[in-house]
S.K.: 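If you scroll down you'll find the structure; I have some questions about it.
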Amino acid sequence: MNEELHIASLVIHVLPATVEQVAQAMVAVEAAHVHGTHPNGKLVITLEGPSAAFIMDQVALIRQIAGVINVSLVYQHTEPLHSLNEGVTS
């Protein structure tokens, strides 16, 4: 079985008063990286993991965080791990 890396980007809609608390809570979500926040109640994050199931499990955890209204998957990409070590040719 080939190992893969799944990368997903998400927009998390939260109650505006909880933006900072939710951003801090992302530290506890495995493989989550916060790339931006907006005071009107949005966070942009990426998740990385070994499978689509792992990504969806992390999304389920995010949905349980106090203040989270909705989690929207914007993009998901899968790459074989061995290809990440290959050089790029022109």
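Since the model is a prediction, treat every value here as computed from it, not as a measurement. Just so it is clear, the values below take in all heavy atoms, side chains as well, and ignore hydrogens, waters and symmetry mates.
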S.K.: Any side-chain heavy-atom pair from E3 and P50 closer than 4.5 angstrom?
M.R.: no
S.K.: To the nearest 0.5 angstrom, please state how far the CD atom of E20 sits from the CG atom of L43.
M.R.: 8.0 Å
S.K.: Would V34 end up clustered with V71 when hydrophobic side chains under 4.5 Å apart are linked, directly or stepwise?
M.R.: yes
S.K.: Is it true that a side-chain atom of S51 and a backbone atom of F54 form a donor plus acceptor pair closer than 3.5 Å?
M.R.: yes
S.K.: Nearest 0.5 Å, what's the CD-CD1 distance between Q58 and I45?
M.R.: 9.0 Å
S.K.: Nearest 0.5 Å, please: how far is CG in L10 from CD1 in I62?
M.R.: 6.0 Å
S.K.: Measure the CD1-CD distance between I65 and Q24 for me, rounded to the nearest 0.5 Å.
M.R.: 11.5 Å
S.K.: Check whether I55 and M26 end up in the same hydrophobic cluster, where Ile, Leu, Val, Met, Phe, Trp and Tyr are linked by side-chain heavy atoms less than 4.5 Å apart.
M.R.: yes
S.K.: Kindly assign one of parallel, tilted or perpendicular to the pair H35 and H33, based on the angle between their ring planes and the thresholds 30° and 60°.
M.R.: tilted
S.K.: Begin from the C-alpha positions of V19 and N40 and carry the test side chain to side chain contact (heavy atoms under 4.5 Å, CB included) through to its verdict.
M.R.: CA-CA 8 Å; V19 170; N40 73 352; over 6 Å; no
S.K.: Which of these passes side-chain contact (heavy atoms from CB on, under 4.5 Å) with H6: E48, Q76, H77?
M.R.: Q76
S.K.: Distance check, rounded to the nearest 0.5 Å: I12 atom CD1 versus T37 atom OG1?
M.R.: 11.0 Å
S.K.: Between M56 and L61, is there a shared hydrophobic cluster once you connect ILVMFWY residues whose side-chain heavy atoms come closer than 4.5 Å?
M.R.: no
S.K.: What pair of heavy atoms forms the shortest contact from P16 to P39, and how long is it?
M.R.: CB-O, 3.5 Å
S.K.: Going through the checks in order, is the side chain to side chain contact (heavy atoms under 4.5 Å, CB included) test met by V68 and V22?
M.R.: CA-CA 7 Å; V68 172; V22 173; 4.0 Å; yes
S.K.: Between E79 and E4, is any pair of side-chain heavy atoms under 4.5 Å apart?
M.R.: no
S.K.: L73 vs V59, test: side chain to side chain contact (heavy atoms under 4.5 Å, CB included). Steps then yes/no.
M.R.: CA-CA 9 Å; L73 179 64; V59 168; 5.9 Å; no
